[in-house]
Each structure stands twice: as structure tokens, then as C-alpha cells.
Amino acid sequence: MLKKHPLITFIFFGVVLYLISNRLDELLVYQGATVGIFVIAIASLILLTGYSGQVSLGHGALMAIGAYAAALLRIHYNAPVWLTFVVAVLAAAVGGALLGLAAARLSGPYLAGTTLALAIGLPSIANQFSIFGGEQGLSFDIGFPPASLGEDFTQYKWYFWISWSAALIAMYWLRHVLNSRYGRSWRAVRSNDVAAELAGIHVGRNKVLAFTISAGLAGLAGALLGMTISLVSPGVYPLLLSFSLATGAVLAGVTTLGGVMIGAVILVAIPEIALAIANRYGGSETIITNLPGLLVSGLLILTVLLSPNGPVEQMHARHAKRAKSGKASHSPVELTLRVGSKTWSTKK
Amino acid sequence: MSQFLDMFLIGISAASIYALMAISMVLVWRSTRVVNFAQAGMALLSAYIGYELVSRTGNFWISLPLAMILGAAFSAFIEFFLMRTLLKHSNQGPIAAIAPIIATLGLLGVIRAVIGFIWGHGDVQLEAPLSKVGYKFGDTTLFIGPMGLFVICFVVALLLVVTIVFQKTNIGLALRASAYAPEIAQLSGIRVSGIRTLGWAIAGAAGAAAGILQTVNGTGGLTPESLEFSLLLVFGFIAAVIGGLESLPGAVLGAVILGLVLAFVQIYISGTLVFIVAFILLLAVLILRPQGFLGSKAGRRA
Amino acid sequence: MLKINGLTVSHGAIRALDNVSFSVEKGGLTAVIGSNGAGKTTLMRTLSGLKSADSGSATWNDHNLLHGKPEHHVRQGVSHVSEGKSVVAQLSVEENLDLGALWRRNPAEAKKSKAEVFELFPRLHERREQQADTLSGGERQMLAISRAYMARPQLLLLDEPSLGLAPLVIEQIFQSIRHIVDSMGVTVVLVEQNAMGALRIADFGVVLNLGTIAAWGRASDLIADPAVRTAYLGF
Amino acid sequence: AQAYNPRSNEPGLTATTIKLGITLPMTGIASPGYNKIPGAMKAYFDYVNANGGVNGRKISLVVKDDQYIPATAVARANELILRDRVFALVGTLGTASTKALTSSTQLSRRGIPSLFVNTGWSGFADKKAYPTTFSILPSYQMEAKIMAQFIKDKYAGKKIALLYQDDDFGRDALAGFKTAGLTFDTLIPYASGSQALPATGAGWISKLRTAAPDVTVVFGVSSATTALLGNAFAAGWVGKTQFILGSVGGDATTIAATNRGLVGLLNGAKGLSFAPAPSDSSDEYIKLFQTIYAAAQPTQTFDNNVVAGMSNAFLAVQAIKAAGKNLTRKGLINAIETKGSTFANPFLTPLGYSTTSHVGATGYWFGTYGPTGALTPDGGKYTVYTTDSGTGPVVESTYKRPAMPAKGLPN
Amino acid sequence: MSKDSLLSISNLTVKFGGLTALDDVFLNLESNQVVGLIGPNGAGKTTLFNAICGIVEPTSGKLTLNGKSHDWPATHELTSLGISRTLQGVGLFPDLTVAENVMIGAQKFAKTGLISAGFGRNKLDEEELRGRAQWALERVYSGSLADKRADALSYPDTKRVAIARALVSEPKILMLDEPAGGLGAQDIEWMNGLIRNLRSEMSILIVEHHMDVVMSVCDELYVLNFGEVIASGSAETVRRDPAVIAAYLGTGVA
Ligand SMILES: Nc1ncnc2c1ncn2[C@@H]1O[C@H](COP(=O)(O)OP(=O)(O)OP(=O)(O)O)[C@@H](O)[C@H]1O
Ligand SMILES: Nc1ncnc2c1ncn2[C@@H]1O[C@H](COP(=O)(O)OP(=O)(O)OP(=O)(O)O)[C@@H](O)[C@H]1O
Ligand SMILES: [Mg+2]
Ligand SMILES: [Mg+2]
């Protein structure tokens with residue numbers, strides 16, 4: 001169904017989410033909002049890494065750019081909420097484009113190193129200029145849900161709706177882009193840049209574009225994250241966040257968008273599960289403090305070991321095994337092909 | 001002038017620590033084409049092991065080589081049980097580029113948790129075996145004492161040894177060939193998997209030294225999340241990348257540049273700028289020379 | 001003596017070799033020919049231990065080739081030049097050659113072999129300090145053969161050594177292969193697209209077709225066989 | 001906006017129990033020292049519970065680890081509020097975390113009291129923005145003003161240097177120094193986090209050594225103090241200047257956790273505090289706390305973090321008691337606002353709680369560190385200065401602490 | 001230089017550090033002409049291709065396109081200049097399907113922007129690209145391969161698809177680097193036929209070691225040795241040139 005009617009599918013998803021948000025208790029709604037945000041952030045990494053082949057360990061920093069832009073706009077100009085998110089996307093995209101210009105010349109570990117340095121360097125810039133509010137950051141308050149939604153409509157449900165609307169639109173859009181010539185060019189450049197360039201693709205521009213879009217999405221996720229915790233500060237986007245996103249992308253399967261939900265849910269759920277386990281088995285201080293980390297990391301390692309391309313690819317691969325190959329026809333035939341109003345012919 | 005000398009010595013001392021970390025990252029990179037983000041975690045674990053050894057043997061100079069051996073063994077163990085399987089399952093496609101990064105990040109988490117389980121969050125301290133008080137020169141005290149000097153000598157010696165091993169010996173050739181082209185190395189009669197394990201082991205020993213020396217040269221305290229080690233990871237990596245990742249002397253050169261530039265910034269400009277300057281330095285080097293200072297250019301493209 | 005019996009090898013669902021049996025006398029030059037996809041490369045990779053077999057057996061002087069890793073076979077004198085760029089791109093020409101002789105642990109002999117190689121391919125001597133990835137396609141092929149030669153093989157598996165080489169060089173290489181066989185007693189299995197050229201210098205020929213042996217025998221007989229000529233030699 | 005409509009009127013409360021929650025760094029870089037606070041709080045609560053509780057209710061404390069990351073703090077606070085359904089938060093730590101969790105979880109809209117947060121950020125004094133939040137520490141601005149007064153009194157005409165963390169924390173202090181009219185001959189800012197880099201501390205010493213100040217003021221975190229002292233020692237520069245340490249960076253326990261050897265270097269440095277010294281068993285509160293803590297946590301050392309935690313718990317109990325049998329969240333906040341300044345109080349400074357101010361301790365006393373890192377008051381007695389976060393003057397306090405209630409139980 | 005010269009190169013020199021890979025090389029390609037470039041290994045043939053394609057930077061030299069002097073092109077603008085090239089190592093994108101591989105070569109025909117593409121407005125574009133790709137595949141008789149992944153192809157098929165990817169941009173100049181390399185006798189025959197067919201629509205520049213192919217398709221040959229043009233002219237004259245025989249052909253080739 002996803003293949004044939006993406007719009008309907010996404011609307012269907014939206015309705016399901018709406019129904020869900022009405023049943024869940026508030027804590028789950030809050031966590032659900034976070035899942036929506038991670039969906040966007042992980043998707044942006046998948047685009048960058050899985051499609052264009054560029055590694056980023058500093059996506060947290062790009063998220064921060066979007067979030068700061070949104071918060072500043074809100075604080076100084078009291079801009080409408082939707083506009084702050086649009087600006088978050090644009091600001092982060094500009095940042096991503098600049099970074100992408102440098103990144104386009106780099107490969108593999110060099111790129112990983114640069115983005116890693118960005119992740120630790122950028123927050124310290126926030127400390128440098130008082131407009132960013134230093135370590136304490138800026139509050140990012142989008143206000144109460146519209147009164148028309150009723151008395152019972154809690155703040156977290158409002159966050160949930162906003163996050164998931166953004167996530168659905170972003171995923172809808174991204175899915176199309178990845179299936180268009182843009183996505184195809186990214187994959188081509190990833191696997192053989194010389195061949196791609198000879199086929200007419202401007203490799204540098206192509207990589208920068210991927211970085212720009214990815215950063216824009218990250219910026220959106222960053223602003224949303226700032227929204228759910230009402231604060232934008234360096235501490236909200238630590239190195240650890242960048243690492244978690246990379247983790248989420250791998251858990252989701254970097255080569256396909258299909259698993260983003262899985263990745264996002266795991267990121268949010270694992271600490272919970274770990275805590276539950278720790279509490280069940282004695283709940284000693286040492287266990288409670290160390291078990292979540294152990295579980296997340298252990299799961300991560302197991303995933304790369306057992307299902308490196310993610311659960312969705314794993315399933316596809318199983319299906320694909322059945323497909324068999326046919327022989328090419330070598331006999332010369334004259335052929336006329338019609339597409340739309342155009343006609344091509346092998347006969348001259 | 002005296003402040004300039006201060007700056008120089010401060011920069012060099014910092015550089016010696018970055019260099020240790022950078023060397024061990026370059027070693028792993030050169031012998032298996034993996035950037036080991038768990039290197040800092042392994043160094044930290046080695047520092048804890050060093051602490052245990054010192055408290056048992058009471059002698060730092062026995063403990064250091066012992067810890068290096070254990071560090072090598074642990075590193076080899078990781079290669080044997082983790083990286084080898086990883087290589088088998090994710091050796092192509094986009095995952096091949098990030099699987100090792102992710103796996104080593106995961107490893108970092110596991111190591112931290114394990115340290116937390118074993119040593120808890122209590123205070124664990126490793127005393128410096130040599131005085132850290134600077135040498136006196138006239139009536140000024142230099143910013144380098146026996147401990148700092150030892151670390152510098154250690155780095156130089158390590159650099160010489162590993163460089164010779166890599167460039168001049170058969171093992172070095174085998175290490176490089178296995179990293180770049182495992183299949184061809186196999187066809188040349190090299191026991192590739194063993195050689196890769198060896199590469200990790202050497203890096204593990206260097207990393208263990210880095211962990212212990214950083215600890216005793218710094219504050220001496222250890223916690224599972226010692227900030228020093230997160231920063232060491234990042235700054236060691238930056239040094240390695242500036243230097244070119246491919247090259248051991250490059251790693252040391254990168255560390256020296258980083259150390260001196262940061263010392264200069266701290267003393268003559270502002271201590272607030274270190275992180276930004278480190279990032280800008282990295283970016284500037286990579287934009288001017290994407291392969292780093294001593295890295296070799298990519299080969300022909302078609 | 002190389003003995004292959006009932007060898008069957010698959011890539012996933014594709015059966016690349018199906019019940020292949022033949023044997024090669026010590027000191028002989030055997031050409032394996034066949035169209036693209038016939039399974040030639042698969043055969044060579046199986047013999048050198050890079051690919052595992054489904055069933056059958058393959059032995060070299062009582063040494064089981066289907067068991068153990070490639071590096072162990074090298075120590076039994078089996079050396080394989082795989083198809084395509086079988087050189088380590090990031091090492092220099094000379095390092096690539098040294099790599100070949102590494103396991104011998106005998107610097108003096110290695111030096112001698114290197115001199116022989118340089119005599120065979122003066123071009124490599126000229127380029128000895130250049131990194132292998134800056135070499136031209138043909139130069140790499142020369143280097144690959146030389147690297148395998150440095151291992152002082154008794155059984156040399158060559159997969160399309162003429163690929164991308166100039167006619168003059170192909171002629172030279174074929175002559176040197178013959179030379180290696182005749183004067184050094186090395187057994188060579190030569191896979192070639194250039195079927196005519198290969199059969200001309202070979203003692204024996206094996207024709208593979210879709211994973212099975214279509215014909216085999218003395219090379220001169222195969223050249224003379226009209227069926228083989230039309231199907232595989234192109235005239 | 002509309003009123004929040006809770007499912008149960010006063011969650012976390014039964015006729016016999018009351019549940020409180022705290023989130024703070026139990027692991028991570030900021031955890032050493034602070035991670036003793038919950039244990040200390042629990043020790044006091046248990047003591048109270050064992051003696052009949054407060055107004056017949058026993059107190060329980062749910063502890064969450066936020067690793068000093070604001071986003072995590074919000075998630076943990078949400079768990080406390082929505083899943084554990086605590087009655088109130090108590091003692092959350094860190095400005096950014098507290099700020100984030102306060103707005104995100106909408107404490108004020110829900111009317112959830114957030115008692116005695118552990119941060120000196122002056123923003124929490126704004127009752128309009130944070131109507132349900134009460135802080136316990138004097139603000140950093142107050143601290144700086146009091147330090148400035150002290151320096152002007154004691155070291156008039158001397159060369160003075162300041163090492164400070166260049167973020168809101170340090171800049172709050174800069175503002176305070178400026179208000180108090182103190183200027184520095186040498187200013188050394190550093191980026192938070194950079195003190196953990198090799199040789200950063202050496203850079204400070206190099207600069208200080210060249211400037212040769214008579215007095216060096218440190219307004220940073222304890223890892224900065226550690227780096228400073230260690231390098232001063234290595235450069236042979238100990239004893240060449242008079243160190244004055246701010247309360248955050250002067251925490252001897254945390255310094256000892258990094259390196260026991262460095263604690264000795266504190267000897268002779270000046271520091272300041274608003275609670276009685278942990279070693280001062282002549283103080284009735286300290287004596288009581290020591291006994292309770294020794295029974296509850298026999299293996300842990302009793303230090304200023306323990307004092308902080310137990311004082312926090314003590315004040316919480318006072319507040320709950322004052323709110324009466326018919327406990328409500330509103331009533332609790334009201335009780336602190338109206339009666340807070342008269343609470344029994346382990347601190348040596350007046351409590352500033354009123355209907356207009358939510359700031360707790362309002363002053364500091366100065367002392368000198370001994371060779372074991374213990375801070376003892378100068379002149380053998382606590383001389384307390386108080387001021388406000390604004391432009392008010394620094395004055396010597398005339399506050400007389402009310403006597404401790406019997407057995408330290410709520411009265 | 002004749003009037004309908006499509007591409008001509010003069011005084012081209014390429015140096016790699018101390019190594020002179022091409023030395024004062026000239027070359028001329030006219031409409032509907034097949035020009036062969038031969039020479040020993042390492043003579044500089046691929047380097048010449050690379051210089052034309054912007055993959056290596058010439059140390060000096062001039063390029064003329066359609067009779068007008070032109071800068072050395074950047075790689076990615078080749079297709080818009082009407083030049084297409086295949087690589088010596090084939091260079092397909094292994095994890096794309098055959099159709100997608102070929103569509104990459106046709107992207108200059110696409111018009112939809114990023115934002116619209118994201119909302120699914122690129123259907124017509126995609127159809128057109130796919131149509132063109134299918135057409136190009138049919139031209140190399142590989143239409144049935146469209147939906148296979150490129151890494152599942154047999155070797156001769158990869159060569160076909162690589163040519164299709166070059167053809168799909170409708171080039172005026174097609175550059176083929178060892179099109180027959182690694183192919184069996186039948187496939188070589190087939191390749192000969194294809195090249196002869198294509199000649200009516202475009203000019204072809206070809207590097208090849210297979211003398212059968214060279215001799216049967218090329219109108220004109222340039223022979224490189226050590227980076228210099230040692231002979232040029234019609235196939236027949238060149239093959240009898242003693243310098244060429246000594247440096248390249250050897251006596252074995254009849
Ligand atoms: N790695 C692989 N995965 C899947 N199939 C493969 C793989 N390698 C080879 N094959 C298939 O096995 C069969 C035999 O291939 P092989 O490479 O052995 O042929 P070859 O005779 O060497 O051909 P060529 O002359 O083109 O080199 C072919 O159908 C090929 O598609
Ligand atoms: N990037 C480079 N750096 C250094 N030398 C190079 C580089 N590229 C090519 N060369 C050298 O230039 C010479 C010409 O190489 P080129 O690839 O053009 O040869 P070719 O004629 O295509 O040979 P073949 O027929 O073997 O493919 C070779 O000797 C090669 O070693
Ligand atoms: Mg083959
Ligand atoms: Mg070539």
C-alpha cells in the first residue's frame with residue numbers, strides 16, 4: 001500500500017496516531033512525542049549516511065542550530081510557532097550547507113572526525129555569545145494548546161501532535177525525494193563518484209545538497225526537541241545525543257527509511273526497559289546506574305553483528321533470495337518505444 | 001619571552017598526551033582500516049587495570065609494562081571476538097563505512113558500564129611515580145618535570161619503534177597489506193586474521209600507556225566517565241586527522257600542532273576559545289589538505 | 001599433481017561449477033577456457049581457498065585444497081593471481097613484490113626473484129617506487145603476476161593474465177609463462193579469454209561451459225577440433 | 001489558558017504517606033560529590049519516619065539519575081510526576097536541568113511544588129516565572145558581592161586576579177563583583193569543560209605567574225580548582241598568592257575524589273559557606289546529622305554534600321509540617337511563603353522566603369582551609385554577611401538562628 | 001584541421017610529479033569517425049581520456065570542440081557538452097538496478113526541483129528518464145536486464161549496460177576505454193557490430209588492445225608510446241609502421 005498510495009498511507013498513519021494519542025497516558029504521550037522527533041532525526045542521518053555515504057557524528061550540533069534559531073525567533077520576535085520551525089529548518093540547512101562544503105572534500109574517517117569536532121565545538125560557541133544564553137540556554141516556549149481543542153487537551157498531547165505532524169510531513173517528503181533522481185544520484189555518488197561524475201552528476205554539489213537537506217531535517221528535530229523540553233541549551237544537544245542518533249540509524253537500518261520507527265522507539269524505550277529490569281533484579285545502585293548503558297551498547301553491538309543492515313533489509317534480503325535471474329536477449333531487434341508523447345527508436 | 005617558553009613547554013606536554021592517543025588510533029586504522037572510537041574507553045580501562053596492578057605490586061614501573069601487555073591482550077580479544085565477526089557480516093555497502101564506528105561506540109558504552117560495575121563510582125586514584133614539580137632553571141620553575149619529560153621520551157620512543165615496525169619490517173608490510181587488501185595479503189601467504197589481531201594488540205598496548213600516563217600526568221583521579229577521556233578521544237582523534245591518519249609521524253606532528261596552537265590560544269588570546277579553535281584548526285587543515293599533513297594523496301581516479 | 005574430482009561450487013542459488021573433474025600433471029601448463037560466466041574464476045578461487053566448495057575434492061600433491069585458508073595453500077606452493085587488479089593499491093610496486101616473498105623469510109632468495117621479475121618486466125623496475133594505484137591497467141597486471149611469482153610457487157593459478165595488456169606484452173607474458181613451466185618445473189593453470197593464444201602455449205586444455213567440462217585434452221587436439229574452434233575460438 | 005485538571009487532587013499523598021522525588025546527576029561527569037545527596041536526604045527522612053513521621057505521614061523519596069543532561073532531566077522529572085506521581089520535587093540540581101524540567105513539565109501550571117532547588121542561578125528568584133519553585137542556595141551574584149566586600153576589607157590595595165568559568169555561572173559572579181565595585185588586575189576566563197584538557201591548568205599558572213597577583217580569586221567548578229592547584233604545585237607557585245575559592249569550586253570532597261593529594265594544597269586558602277562546617281561537632285545540627293548519617297551510611301564520609309542533602313531534607317520536613325495535617329500542594333507553597341523565614345534552619349544565615357522572595361540562604365561566612373581540606377571560620381566564630389541579588393549593600397548579619405527543635409524532629 | 005572536426009587536441013602535456021605521462025600530444029576527431037588510440041601499457045591512453053574528461057589536469061595543451069576553442073571541461077559537464085565515456089573498470093553502481101544505472105546518465109533531461117519532487121510531482125520526469133533508459137538498454141540489446149541489480153550481472157552484460165549509460169545522454173562523442181577487454185570471442189564480435197552501428201550517429205574515440213576490434217572498426221589510429229604520438233593515420237598504414245610493430249604490436253599479430 002505504501003508503494004501505491006503514499007499519501008493515503010500517511011494520512012492513515014496520522015489518524016492512527018491521533019487515536020493513539022487519545023488513549024495513552026500522559027507519560028507515554030510525552031515519550032511518543034520524543035519518538036516522533038527521533039524519527040525525523042534518524043531519517044536525516046539515514047539520508048546522509050545510507051544514501052549519500054557521508055558519516056556524521058555531529059548531528060546533535062545541527063539539531064542545536066535549528067533549535068537556537070527557533071528559540072531566538074520566538075523570544076525576540078514572538079513569531080508564530082509554525083514559522084519558528086520553518087526557520088529552524090532553514091537555519092540548520094544553511095549551517096549544513098557550510099559544513100557540507102567542507103565535508104564534500106572529505107571521506108570516511110576524516111568526515112567522522114570533523115563532525116565529531118563540530119559536536120564538541122559548536123556548543124562552546126553558544127557559551128561564547130550572550131545572545132545564546134550560555135550554559136543555561138534559552139527557553140523555548142510555544143505556549144499552550146489552542147483553547148478550541150478543549151479542556152482535556154494537555155500540553156504533552158499538543159507536543160505529540162506537533163512532533164508527529166512534522167514527522168509525517170517530513171517522512172512523506174523525504175520518501176519521495178529518496179525515490180527521485182536526487183536519491184538515485186546520492187546512491188550513485190556513494191558507490192562510484194568518478195562514474196557518477198562522468199554520467200553528468202556534479203559530485204560536490206550533490207554531496208552538499210545531501211548535507212543541506214539532512215541538516216535541515218536535523219534542525220527541525222532539534223527545534224522540536226527544544227519544544228518538548230522548553231529549553232534550548234548546549235546540554236540539550238550533547239555529544240551523547242549525536243552518538244545515540246548514529247545508534248538509532250543503525251538499529252533502524254541505515255540503508256532504508258523503513259526502519260526509522262524501530263530505531264526511534266528503541267532509543268526511547270531501552271533506558272525504560274533497562275530500568276525496569278534493574279529494578280526487578282534487586283535494584284542495587286550499581287545495577288541501576290550501569291545497566292541501561294550496558295543494554296543499549298550491547299544491543300548496538302549485537303545489531304551490527306547480526307543484522308548490520310537493519311531489520312527491514314534483513315526481511316527484504318530473505319524475500320530477494322527467491323528471485324532468480326534470466327538470460328539477456330542477445331538477438332538484435334528493431335524496436336520503437338513510446339513514453340508519453342515521445343518516441344525513441346533503435347532504427348535510424 | 002619566559003611566557004613564550006611556558007607556552008612552548010605547556011603545548012609540548014599536552015601534545016605528548018594527545019600523541020599517545022593519536023598513535024593508538026592510527027595504529028588501529030593502519031592495521032585494520034577501523035577508527036576505534038572505543039580507544040579512549042580501552043585506555044580508561046587500562047588505567048583502572050594499572051591502578052589495580054600498582055596497588056597490588058606497589059611498583060609503577062612493573063605495572064606499566066604489565067598493563068600494556070594486558071591492554072594488548074584485551075585489544076586482541078576485542079579484535080578476535082568482535083571486529084572479526086563484524087567484518088564478516090558488514091563488509092560492503094554503506095553499512096561498511098559506519099559499522100565499525102558504531103560497533104566501537106557500542107564497545108565504548110559496554111566498557112564504561114563494566115568499569116561502573118567493577119569499580120563503581122567511588123574514588124580511584126593512581127599516584128604519579130615521578131615528581132611532577134618542574135625543573136628549576138635559575139629562579140623560575142619550568143613547566144616540565146621528570147614526569148612530563150618521561151612522557152615525552154616515551155612518546156618519542158614509541159613513535160620510533162612503531163614506525164620502524166611498520167615501515168621497515170616484514171610484520172609492518174604484512175600489517176599494511178592486510179589492512180588495505182586482505183584477500184591479496186592472504187594470497188601472498190599472510191595469516192591475515194592473525195596479523196590484524198596483532199595490529200590491534202599493538203594499538204592496545206599504546207592505548208594502555210596513553211591511559212595510564214594521561215592519568216598520572218593529570219590529576220590522577222579516575223571515574224567511569226572521566227571527562228578527560230572523552231576529551232582525549234576527541235582531541236587525540238583531531239590530532240590524528242590533522243596529521244593524516246595514515247601516518248604515525250603525522251599523528252605526532254598533528255598532536256604537536258594541536259598542543260601548541262591550543263597553548264598559544266590559552267595564554268595569549270582567551271581560554272574560552274579552545275574548543276572552537278580546535279574545530280577551526282581541524283577544518284582549516286582539512287580544507288587545505290583533505291588528506292591531512294602527512295597523509296598521502298588519494299590515488300588515480302580512473 | 002593437481003587432482004580435481006566431482007567439484008561442485010555455488011554462489012548462493014547459482015551453481016557455478018557442477019561436478020567438474022580433471023587432473024593436471026606436475027610441470028604441465030593447462031589452459032582453462034570458456035565463455036564469460038563459464039565458471040573459470042570460480043574454479044581458480046576454489047582451488048586457492050578463497051571460495052568454499054559444496055562437494056567434491058581437489059588435491060595438490062596430497063595437500064587438500066578444499067580445506068584451510070588461502071595462506072596455508074601458499075605455503076604448499078600454491079599461488080593465485082586473481083582476476084582484475086590483484087595488487088595492493090596503497091603499497092609501492094616494490095612493496096607489492098616484497099609482499100609476495102614475505103612468507104619465504106629468505107631475503108637472499110627474494111632478492112634473486114625480484115631481479116628476475118625486473119628483467120621480465122623492465123617497466124616495473126622503472127616504476128618500483130610508485131604507489132600501485134597510479135599504475136596503468138596493464139602495469140598492474142604485470143605487477144600482479146610478478147607478486148605471485150615472488151612466492152616461488154609450484155602450482156601457479158593465473159586468472160586472465162592477459163587482460164588489458166598490449167599484444168606485444170601478451171606475447172611476452174605467454175612466453176614467460178612457458179618459460180616458468182619449462183625451466184622451473186612450475187605447474188601452471190592458466191585461465192584465458194584469449195583462448196587461441198592460451199591453447200597455443202599450453203600442453204593441455206580444459207573447456208568449461210556453464211559450469212561443466214565441455215571438452216578437454218591435449219591443447220593441440222583442441223585447436224584442431226572443429227567443434228571447439230567454432231564454439232570457443234571464434235573461427 | 002485553562003486550569004490543569006488532575007485526576008487525583010493531591011497525588012503522592014495518602015493519609016499515612018507522602019512521596020517526594022528528586023532528579024540529579026548520579027552518574028556522569030557532574031556526579032562525584034553530588035551523588036551523595038539523595039543518600040543523605042533519605043537518611044534524614046528515615047530518621048523522621050522512624051520517629052513518627054510528619055503529621056502522621058511517612059516520607060519516601062524517589063531518586064532519578066539525569067546525568068546532568070537537561071533533556072534527560074526532563075524525561076526523569078516526567079516519570080516522577082506522571083508515573084511515580086510524587087507530591088513534590090525536592091532538591092533538583094543544576095541550573096539548566098532545573099530550568100528545563102520546570103518549564104517542560106509545567107510545574108507551575110500543575111501547581112507542583114519544587115522545593116529547595118540546588119542552584120545559585122538568580123533567575124529562580126523571579127516568583128512570577130517560577131511560582132512553585134524555591135531555591136536553597138544564595139545566588140551567585142550574592143556570593144560574588146560578599147566576596148568582593150571581603151576582599152575590599154581585607155586586601156585593600158593588593159593586586160587581584162580572577163579565574164572564572166566563562167558561562168552564565170561565572171558571568172553571574174562577574175556581575176556581582178561589578179555591582180560591588182571590585183575590579184581585577186588580571187582576568188582569566190576559561191571554557192567550561194576545557195579544564196579537563198591536559199595542560200590547561202598550566203596555562204593559567206603561566207599567566208598568573210607572570211601577573212604575580214597577591215590574591216587569586218577562583219570562581220569555577222571544582223575540577224578547575226583541581227587543575228589550578230595541581231599545576232601551581234608543579235610550577236612551584238604554591239604559597240605565592242592568597243587563593244580565595246568560591247563555594248562551588250571550593251568543595252574539598254570533590255577535590256579529594258579527584259586527587260587526595262591535592263587537598264593538602266588547599267591549606268591556607270580562603271573559602272566561604274553558609275552552613276556550619278561539617279567537622280564542627282559543636283554545632284547542634286551537625287552533631288545530629290553526623291549521628292543520623294553514621295547510622296544510615298556507615299561506610300561513607302560525612303562531608304559538606306551530606307550536610308547539604310540533610311539540610312535540604314530538614315527544610316522539606318519543616319515545610320511539610322508547617323503546611324499542616326490537611327496537606328495540599330497549594331498549602332505547602334503557602335506555608336513556605338508565609339512561615340518560611342521562621343523555619344528551624346540548619347544554616348547560619350537567615351532564610352529569605354516570603355510572599356515576594358523564594359530564595360533560601362542569603363549570606364555567607366568566610367573561613368580558611370586547613371591541611372585536611374576542612375573549612376574553619378576565621379577568628380574562631382562564624383561571621384555571616386548577607387545581601388541581596390540586586391544592588392543592596394553587603395552587611396554583617398545579625399541573624400540569631402532559632403534553637404534546634406528537640407531531637408531535630410519537626411516541631 | 002578539417003572543417004567538421006568535432007574535437008581536437010593539440011600540444012597536450014600531462015605530468016605527474018616528475019613523470020611525464022603525455023608529451024605534446026595531438027588528436028583530431030571528426031563527425032561520424034571512429035578513432036582508435038593504441039599503444040603499450042602505461043603509454044598514456046587512459047591519461048589522455050582523463051585529460052579530456054577533466055579527471056586529470058593537463059599541464060598544458062589546447063582543446064577545440066566543434067571548431068571552437070574550449071576550456072578543459074569539468075567532469076560533470078561532459079554530458080552537456082555531448083561527450084560520454086565508459087571506464088576501463090566498467091564502473092557500474094553495484095547496488096542500483098540496471099535501469100537506475102542508466103537513468104543516472106539521463107538526469108540532464110529531468111526538470112523537477114527538489115521541493116516538488118518531495119511531494120511526488122516528478123512522475124513525468126521519472127517516466128521520461130525510465131523511457132530513455134529503456135531505449136538505451138534496447139540499443140545494446142539488454143532491455144530485459146532493466147530490473148536486475150547491477151552486481152548480479154554477468155561480465156559482458158556489465159559492459160553492455162555501461163555503454164547504455166553512456167548512450168542515454170545522447171552524446172555526439174562517445175569515448176570507450178577498452179570495450180572489448182575481458183570479453184570472449186562472440187561478445188567481441190558483438191561489440192564490433194555495435195560500434196559500427198553507432199558510428200552513423202556519433203563519433204567514437206576508442207582505447208583498445210584487441211587488434212581485431214581496432215582494425216575492424218577504426219577509421220584512423222593514433223599510437224602512443226611513452227606519452228608521445230609515434231604514429232597516426234589510417235589503420236592499414238599504422239599497422240605496417242615498423243615503429244608501431246616494434247613498440248606495440250610485435251610480430252605475433254598477423
Ligand atoms: N560473487 C558472486 N556472487 C554470485 N554469483 C557469482 C559470483 N561470482 C560469480 N558468480 C556467478 O557464477 C558464474 C561463474 O562465474 P565466474 O566468475 O566463475 O565465470 P568466469 O568463467 O570466470 O567468467 P569471466 O570470463 O567473465 O571471468 C556466473 O554465472 C557468475 O554470474
Ligand atoms: N595519478 C598518477 N600518478 C602518477 N603516475 C600516474 C598517474 N596516473 C597515471 N600515471 C602513470 O602514467 C602512465 C600512463 O598511464 P595510463 O593509465 O594513461 O596508461 P594506459 O596507456 O592507459 O595503459 P594501459 O593500456 O595499461 O591501461 C603510467 O605509467 C602510469 O603509471
Ligand atoms: Mg573470470
Ligand atoms: Mg588504460
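Predicted model only: the values in this text are computed from it and were never measured. Chain A is the first sequence line, chain B the second, and so forth, proteins listed ahead of strands; every chain is numbered from 1.
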Taking all heavy atoms of E/Tyr248 and all of C/Leu168, pick out the closest pair and write down the distance. O-CB, 2.8 Å

Could you have a look at E/Gly182, E/Pro40, E/Ala246 and say which one has the most heavy-atom pairs with chain C under 4.5 angstrom? E/Gly182

Quick check: do E/Asn41 and C/Met142 have side-chain heavy atoms less than 4.5 Å from each other? yes

Sub-4.5 Å side-chain heavy-atom contact between C/Asn36 and E/Pro156: yes

Which pairs, with at least one residue in residues 36-47 of chain E and sequence neighbours excluded, count as a salt bridge (charged side-chain N to carboxylate O under 4.0 Å, His left out)? none

Under the side chain to side chain contact (heavy atoms under 4.5 Å, CB included) criterion, do C/Arg127 and E/Leu19 qualify, and how do the steps go? CA-CA 10 Å; C/Arg127 299 269 183 268; E/Leu19 179 90; 3.1 Å; yes

Taking C/Ser35, C/Ala195, C/Gly164 one by one, which has the highest count of heavy-atom pairs under 4.5 Å against chain E? C/Gly164

For C/Ser136 against E/Gly42, the heavy-atom pair lying closest together: OG-N, 3.1 Å

Let me know if C/Leu163 has heavy atoms under 4.5 Å from chain E in its side chain, its backbone, both or neither. side chain

At what distance, to the nearest 0.5 angstrom, does OH of E/Tyr155 lie from CD of C/Gln193? 9.0 Å

Around atom CZ of E/Arg196, are there more than 12 heavy atoms of other residues, nucleotides or ligands at under 6.0 Å? yes

Heavy-atom contact with chain E under 4.5 Å, split by part of C/Gln175: neither

Per-residue contact mode, E/Ala21 against chain C (heavy atom under 4.5 angstrom): neither

